[in-house]
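Each remark here refers to the structure printed beneath this line.
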Amino acid sequence: MKALLIGEYKNGHIDESFYELVGFANKIGASSVGFMVAPLDVKPEYDGKVYIADISKAKDYNPKVHKGLILKLVEKENPDVVVFSHSSYGWDLAPRLAAALRAGQISEVIDVDNGEYIVPFCNAKLRRKVKPNTPKAVLTLQSGAFAPLKNNTAQIEPFDYTEEDTNLEFQGYEVAEKTGVDLTKAEVIISAGRGVGKKENIEIVRSLAKALKGELGASRPVVDAGWLDESYQVGTTGQTVAPKLYIACGISGAIQHLVGMKKSNFIVAINKDKDAPIAEVADVFVAADLLEFIPMLTSKLTK
Ligand SMILES: Cc1cc2nc3c(=O)[nH]c(=O)nc-3n(C[C@H](O)[C@H](O)[C@H](O)COP(=O)(O)OP(=O)(O)OC[C@H]3O[C@@H](n4cnc5c(N)ncnc54)[C@H](O)[C@@H]3O)c2cc1C
């Protein structure tokens, strides 16, 4: 098995997600080569060869140009799998590449089992195993699903730029405006999940946050339901946090939530389902109905 790992270079540095692709290749026992559009003097910490297309010519992003480069490299290296991060770059480029290669595309891989790729579905409530039935496959990997792997400085090989596309011009990155609460600086976060049941019950979690002098956070369904605004959301499409203490209340532990909070120093999960996946990352798991347990805990703390 050979993997072509597509890294991303953004705002002056290699995106750390590249090393998760390296970790993935290592996990499946594949040999690998890397590729990224970057300055030619970039230094990926990767034990192997990384092809670099000059970013001053190919620009940060242009789907036609970047696809053209990768197609050329696929011809040269003949990988079995081309691997992207499940980022906006990967979302846009992986399907284009798969269509051009007539290869199966598997999005949001979170694990591998005996040659089958595991991906979430039904809003990540369930997982299924998928196996491509084409000789090559194009994958995107969910961020945080594979442990990053860094090695020595890579051997760099400049990769020629030939494609041109004058119809599109890269305009730059725009950072989404931050409104509301900034959870990235909080030392204590108490997050409410769908398990709170209804908007009014958010107050139960808010009281605990107040008693612990912490900030209130939320999983996505709580935001989608309009119980809290999106500035409270933790996860892939919310904030990434690393507080000293994170208490997940009625949160199942979907990968998209875990990615945003699993670097917390100490994690407590309160969940009535003792088999909830959040148990895998929790230091303390309280198997209880949060509607009974949290008011008791808050009253002890405020006595
Ligand atoms: C592209 C994409 C991006 C996403 N981005 C994010 C993101 O940034 N952040 C995010 O959080 N999610 C995100 N999601 C959604 C994610 O996949 C999950 O659906 C979501 O995290 C589940 O939220 P939850 O754990 O609150 O709800 P559920 O999965 O419904 O879990 C509720 C939990 O509460 C427990 N529970 C129920 N009642 C009680 C009670 N009375 N007491 C105690 N426990 C109880 C249940 O046992 C269950 O474990 C994303 C999904 C997609 C597809």
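All ligand and atom numbering here is 1-based and tracks the order in the structure.
Listed by number with element, the atoms of ligand 1 under 4.0 Å from a non-hydrogen atom of G238 are 8 (O). Shown in contact with G235 at under 4.0 Å from a heavy atom are these atoms of ligand 1, numbered in order with element: 7 (C), 8 (O), 9 (N). The ligand atoms of ligand 1 that sit less than 4.0 angstrom from a heavy atom of G193 are 26 (O). Heavy-atom contacts of D289 reach the following atoms of ligand 1: 40 (C), 41 (N), 42 (N) (cutoff under 4.0 Å). Each of the atoms 16 (C), 17 (O), 18 (C), 21 (O) of ligand 1 lies under 4.0 Å from some heavy atom of A254. Here is the list of ligand 1 atoms found below 4.0 Å of a heavy atom in T236: 7 (C), 8 (O). Set against the non-hydrogen atoms of V234, the atoms of ligand 1 under 4.0 Å away are 7 (C), 8 (O), 9 (N), 10 (C), 11 (O). Ligand 1 places these atoms under 4.0 Å from at least one heavy atom of S219: 11 (O), 23 (O), 24 (P), 26 (O).
Proximity of a side-chain donor or acceptor of K150 to a complementary backbone N or O of Y19 within less than 3.5 Å is not detected. Between the side chain of Q239 and the backbone N or O of V181, at least one donor-acceptor pair lies under 3.5 Å. A distance-only check finds a donor-acceptor pair linking the side chain of K59 to the backbone of S56 [under 3.5 Å]. Without hydrogens or angle criteria, E215 side chain to A209 main chain gives no donor-acceptor distance under 3.5 Å. At least one donor-acceptor pair under 3.5 Å links the side chain of Y9 to the backbone N or O of G12.
Heavy atoms of A288 come nearer than 4.0 angstrom to ligand 1 in at least one pair. Taking 4.0 Å as the cut-off, P221 counts as a neighbour of ligand 1 on heavy-atom distance.
With a 4.0 Å cut-off on non-hydrogen atoms, S252 touches ligand 1 through its backbone as well as its side chain. Residue-level proximity to ligand 1 for V222 is absent, since no heavy atom of it falls below 4.0 angstrom.
Between Y117 and F24, the angle of the ring planes lies from 30° to 60°, which puts this pair in the tilted group.
When only interatomic distances are considered, the shortest N/O to N/O separation between G250 and ligand 1 falls below 3.5 Å. At least one N or O atom of Q233 sits closer than 3.5 Å to an N or O atom of ligand 1.
Taking 4.0 Å as the cut-off between side-chain N and carboxylate O, K131 and E116 do not count as a salt-bridged pair. The existence of a salt bridge linking R206 and E203 is confirmed by a sub-4.0 Å separation between a basic side-chain nitrogen and an acidic carboxylate oxygen.
When H86, E292, R194 are checked for heavy-atom proximity to atom 27 (O) of ligand 1, R194 turns out nearest. Nearest residue to atom 3 (C) of ligand 1 from Q239, R220, E108 is R220 (criterion: closest heavy atom). The option from A269, S191, A192, G195 that lies nearest to atom 36 (N) of ligand 1, judged by heavy atoms, is G195.
Atoms CD1 and CD1, from I267 and I278 in turn, are 7.0 Å apart once rounded to the nearest 0.5 Å. Residue N201 holds its CG atom at 7.5 Å from CG of L290, rounded to the nearest 0.5 Å.
The only option from I255, T140, I106, D111 that meets the side-chain contact (heavy atoms from CB on, under 4.5 Å) definition with V119 turns out to be I106.
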